[in-house]
Q: 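Please see the structure below; I have some questions.
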Amino acid sequence: RRDVLVLTPWLAPIVWEGTFNRDILNAQYMQKNLVTGVATFAVKKYWFFVQGFMSSANKYFLAGHQVNFYLFTDNPDHISHLQMAPENNLFVIPVQNHSHWQDISMSRMDIIRRYIHSQFQYEVDYLYYIDIDVQLFEHIGVEIIDALVATISPWQYTTRRDSKPYETRTESQAAIPKGEGDFYYTASFYGGSVAEVYKLTRACFKGVMEDRENGIEARWHDESHLNRYLLYHKPTRLLSPEYYWDEEL
Amino acid sequence: RRQDVLTITPWLAPIIWEGTFNSEILDGAYRPLNLTIGVTAFAIGKYTRFVGRFLESAEKHFMKGYRVNYYIFTDNPETIPNVQLQPGRRFVIVPIKKYPSWQAISMRRMEAINKHIAETSHQEVDYLFCLDIDMVFYNSWGPETLGDTVAAIHPGYFNVPRSQFPYERRSSSAAYIPDGEGDFYYGGAVFGGLVKKVYEFTRTCHMTILTDKANEIMAAWQEESHLNRYFLSHKPSKVLSPEYLWDDRKPKPPEIHLIRFSKVDKNYKEIRD
């Protein structure tokens, strides 16, 4: 691929179709006997997306490898029987809902952090958060596996740094100084080793709480905090917008 | 960015070329880790004459601002010159015996490095590079080279089709690579990585070298053949472009913007006797 950037200035690969050979990567992954988890939330009306997400993820997400799906929901009864691939596991975890979607969005980070600490770290090596309202249309495989992985947001991929929608108000913990920032990452798909995801979620939630105490809310909520974290803790691998697209674009 | 060369392997290991990385960002990430980088180099027989230039140029260009330990393996400690080092950088002489032929000397490097890691350097360094001594640093060699397992593309074969790679082609050798297989032709003069990984790699290579010895076969390019066999099965996590392993005798092609580390021209007959 010569038409796109395949390596960041800090030498993290940017994963695009055509840059990798999945067979080689599968062989490496299987050698190490790794288990990967996916955390996702279906709160309030979002239970509607569960079926579509789970059936496409079972078919296309790390197909052939063991995946533990951790489905957080406020409505466990509404989750109809889901067909899982034989190598995968589903854990339905009840959570409380909040009145505002931004609160649900922001508290996700803390929930993930807590569950890594109490459970996930013993069950998986790598953990990815993915929004529930997505569907996979193509294979997403072990090319995503690395210590700290972020996805370039489809909206901002082609814009120059100055127009990326970072939080700029210095009162917010998510603030990124003008002119800085490598890429704009989406909060809809990120992950890495459980240790790194723990650190990321802890830092982001801390920023969220401090902002709340100071009466400010970041422009794009937890996504703003994520972007700030990743500016100062550079991802070891980036996923191109092929990995999280928006059909409205 | 570089569009004229391959900058990432099919297993998503970066290939390091000038223009692919930002040294400031990398230093910002690596310096705070307080790493110590080790270098092994073998100066046996007449090869001790290269030590001075190697070290002086390393002091100017190799991992500036980091702690460095140079381990010079030699059969002739008295001939090693005393080179002035920057603060935070150390020089250690490791005495070893001289083998009768240059091929044997070359092949026994793996064993010597492996033994030394187990006895000494695993406690002293985080990363270890194993370099040939008859080489000089001309430009910066920095943290862009650090990785779990690091190999360098041989300057003679980076632009050449795979069928022409001088892999060992006899199936009776433990270094055998069949036609149609192989990613790159890596040079034996540069390899490295986390000290633990270099330990594993040198142990395996030493084993395959001994296996060949027992079967009375010597691989086409000595331990370089075994190194290539190893890196085919255990793909490096980072690959250095030929900027990091050049040869002064070769004219510079357009893809090479910067020569960082290069083999000095010499009279092979005279020096290897």
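In what follows, chains are A, B, ... by sequence order, proteins preceding strands, each numbered from 1.
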Q: Using the benzene-type ring in the case of Trp, are the ring centres of B/F129 and B/W141 under 6.0 Å apart?
A: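 For B/F129 and B/W141, the ring centres are under 6.0 Å apart.
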Q: Let me know if B/L12 has heavy atoms under 4.5 Å from chain A in its side chain, its backbone, both or neither.
A: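 The answer is both parts of B/L12.
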Q: Between A/L7, A/D23, A/V15, A/I14, which residue shows the highest count of heavy-atom pairs closer than 4.5 Å to chain B?
A: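 Among the listed options, the one with the most contacts to chain B is A/L7.
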Q: Does any heavy atom of chain B fall under 4.5 Å from the side chain of A/R237, the backbone, both, or neither of them?
A: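 Contact with chain B: side chain only.
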Q: At a heavy-atom separation under 4.5 Å, does B/S23 approach chain A through its side chain, its backbone, both, or neither?
A: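 B/S23 has no heavy atom closer than 4.5 Å to chain A.
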Q: Which bit of A/L25 comes within less than 4.5 Å of chain B, counting heavy atoms only: side chain, backbone, both or neither?
A: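 Contact with chain B is through the side chain of A/L25 alone.
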Q: At a heavy-atom separation under 4.5 Å, does B/E144 approach chain A through its side chain, its backbone, both, or neither?
A: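 For B/E144, backbone and side chain are both near chain A.
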Q: Considering only NZ, NE, NH1 and NH2 on the basic side and carboxylate oxygens on the acidic side, decide whether B/E168 and B/R229 come within less than 4.0 Å.
A: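 Here B/E168 does not pair with B/R229 in a salt bridge, since their nearest N and O are not under 4.0 Å apart.
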Q: How long is the straight-line distance from OH of A/Y126 back to CD of A/E196, given to the nearest 0.5 Å?
A: 10.0 Å
Q: Going by an N to O cut-off under 4.0 Å, is there a salt bridge joining A/D110 and A/R113?
A: yes
Q: What part of B/L6 lies closer than 4.5 angstrom to a heavy atom of chain A: side chain, backbone, both or neither?
A: neither
Q: Does this structure show an ion pair linking B/E243 with B/R260, if we count only N-O contacts that are shorter than 4.0 Å?
A: yes
Q: Is it the side chain or the backbone of A/Q28 that comes within 4.5 Å of chain B heavy atoms, both, or neither?
A: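 For A/Q28, the side chain is the part near chain B, not the backbone.
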Q: Whether B/E223 and B/R109 form a salt bridge (side-chain N of Lys/Arg under 4.0 Å from carboxylate O of Asp/Glu) is what I want to check.
A: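 Between B/E223 and B/R109 there is a salt bridge, with a charged N closer than 4.0 Å to a carboxylate O.
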